[in-house]
J.: 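Structure incoming, see below.
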Amino acid sequence: MTASIHSAFLIWEDEDTESERWWLSRAREAGAAGRRDFFIAEDDITNVLVCVLLPQGARRYHVLSIVSLDEHITIGEAMTAAKAAVVEWLNAPHEPVMRQIVQRWRLRRSFTMVWRNLPLAFGGFGIGAALGLVVAFFAVTSNLIGWPMLAVGIVFGAAAGPALKFLVDRRSASATISGPWGRFTMVTVAALIGAAIFAGGVFTLFWN
């Protein structure tokens, strides 16, 4: 009986396939404690539908349940299962099995993000190290040794990060999954670390 009551009040609004909104469907529940908005969105990183909740006045979305697209023949069937999962959560919001499914999905998503971004991070580190070495060897051979030259080497190495990120974006916007600013930060930091380690290493060997 509880499930039918929740089903009656959850009226889902499906988005057009050409819509630029991040959700595929949404519903709103109004109660004495305030309204609650439910969304179903697709996570292309792990190929699942994610059911989330946004309480009134909240700034963070709460993940309620996960529906795997691989387990359903069509997206329509997966959407139906996702809507049923939201109703199931309404009836048992503290169900430990459902919470474990969400936790396992979070871990799998984090691992996938790290794994897909490793090539870009290693690329930024390598290019930064190479430029740092070039500047360091130039400083050593020209006797321009000092902290200012080390800083130049680090800056040159860090500059390789945005350049590599630009090349990756030009080839394929989906090559990594951190978003434009995420890629920018990742490759810049990786190049900065590479330049600092190798340029600093050469200077340390020379000074000693």
Side-chain angles (χ1 to χ4, degrees), residues 1-120 165 168-186:
M1 183 65 180
T2 307
S4 62
I5 293 176
H6 284 308
S7 299
F9 281 93
L10 281 184
I11 301 176
W12 292 92
E13 300 177 7
D14 295 337
E15 285 293 318
D16 193 331
T17 55
E18 298 180 357
S19 173
E20 296 182 356
R21 297 186 182 277
W22 60 270
W23 65 81
L24 301 177
S25 185
R26 67 175 179 176
R28 173 169 293 181
E29 181 188 54
R35 73 171 188 272
R36 295 192 296 182
D37 293 314
F38 299 89
F39 300 91
I40 298 175
E42 181 178 359
D43 177 33
D44 56 358
I45 298 175
T46 52
N47 197 33
V48 300
L49 293 182
V50 185
C51 308
V52 298
L53 162 67
L54 181 66
Q56 183 176 0
R59 296 184 178 181
R60 295 182 57 185
Y61 292 90
H62 303 284
V63 180
L64 307 181
S65 185
I66 304 298
V67 174
S68 175
L69 290 172
D70 296 331
E71 298 177 359
H72 298 84
I73 300 176
T74 64
I75 184 67
E77 293 180 356
M79 287 288 293
T80 301
K83 294 173 183 178
V86 173
V87 174
E88 182 181 352
W89 180 88
L90 285 169
N91 296 327
H94 304 293
E95 176 63 38
V97 176
M98 193 173 298
R99 295 173 62 182
Q100 291 174 4
I101 293 175
V102 173
Q103 291 173 356
R104 286 198 296 267
W105 168 76
R106 290 184 186 275
L107 290 175
R108 182 160 64 96
R109 191 175 191 275
S110 299
F111 176 79
T112 303
M113 290 180 65
V114 171
W115 180 258
R116 291 188 183 180
N117 282 282
L118 278 180
L120 184 58
K165 179 258 180 188
V168 170
D169 287 347
R170 286 291 300 273
R171 290 190 60 185
S172 175
S174 61
T176 54
I177 54 180
S178 298
W181 286 108
R183 291 193 292 271
F184 177 85
T185 302
M186 180 178 58

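Because the structure is predicted, anything quoted here is derived from the model rather than measured.
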J.: For Glu71, enumerate each residue passing the salt bridge (Lys or Arg N to Asp or Glu O under 4.0 Å) test, keeping only those at least two apart in sequence or located in another chain.
T.: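 Residues passing salt bridge (Lys or Arg N to Asp or Glu O under 4.0 Å) with Glu71: none at all.
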
J.: For Ala41 and Trp23, which heavy atoms make the closest approach, and how far apart are they?
T.: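 So the minimum-distance heavy-atom pair works out to CB-CA, 4.2 Å.
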
J.: To the nearest 0.5 angstrom, please state how far the CH2 atom of Trp22 sits from the CD atom of Glu42.
T.: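 Answer rounded to 0.5 Å: 13.0 Å.
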
J.: Please report the interatomic distance CD(Glu13) to CZ(Arg21), rounded to the nearest 0.5 Å.
T.: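 One finds 9.5 Å between CD of Glu13 and CZ of Arg21.
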
J.: Using side-chain heavy atoms (C-beta onward) and a distance below 4.5 Å, is Arg108 in contact with Arg104?
T.: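 Side chain of Arg108 against side chain of Arg104, heavy atoms only: no contact under 4.5 Å found.
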
J.: Return all side-chain donor-acceptor pairs below 3.5 angstrom for residues 45-66, not counting sequence neighbours, or 'none' if the list is empty.
T.:
residue: Thr46; atom: OG1; partner: Asp43; partner atom: OD2; Å: 2.5
residue: Thr46; atom: OG1; partner: Trp105; partner atom: NE1; Å: 2.9
residue: Asn47; atom: ND2; partner: Asp70; partner atom: OD1; Å: 2.5
residue: Gln56; atom: OE1; partner: Arg35; partner atom: N; Å: 3.0

J.: Which heavy atom in Val67 sits nearest to a heavy atom in Ala82, and how many Å separate them?
T.: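 Val67 and Ala82 have their closest heavy atoms at CG2-CA, 3.6 Å.
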
J.: If you apply the rule side chain to side chain contact (heavy atoms under 4.5 Å, CB included), what do you find for Leu90 with Arg36, and how did you get there?
T.: CA-CA 11 Å; Leu90 285 169; Arg36 295 192 296 182; 3.3 Å; yes

J.: To the nearest 0.5 angstrom, please state how far the CG atom of Asp14 sits from the CG atom of Leu24.
T.: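 Interatomic distance, Asp14 CG to Leu24 CG, rounded to 0.5 Å: 8.5 Å.
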
J.: Does some side-chain heavy atom of Phe38 sit less than 4.5 Å from a side-chain heavy atom of Glu29?
T.: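 With C-beta onward as the side chain, the pair touches.
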
J.: Does the pair Leu10 and Val87 meet the rule for a side chain to side chain contact (heavy atoms under 4.5 Å, CB included), with working shown?
T.: CA-CA 8 Å; Leu10 281 184; Val87 174; 4.2 Å; yes

J.: So do Ile11 and Arg28 actually touch side chain to side chain, heavy atoms under 4.5 Å?
T.: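 Contact flag for Arg28/Ile11 side chains = no.
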
J.: How about Ser25 and Lys83: do any of their side-chain heavy atoms sit closer than 4.5 Å?
T.: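 With C-beta onward as the side chain, the pair touches.
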
J.: Would you find more than 12 non-hydrogen atoms of other residues, nucleotides or ligands less than 6.0 Å from Arg26 atom CZ?
T.: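 Yes, the 6.0 Å shell around CZ holds more than 12 heavy atoms from other groups.
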
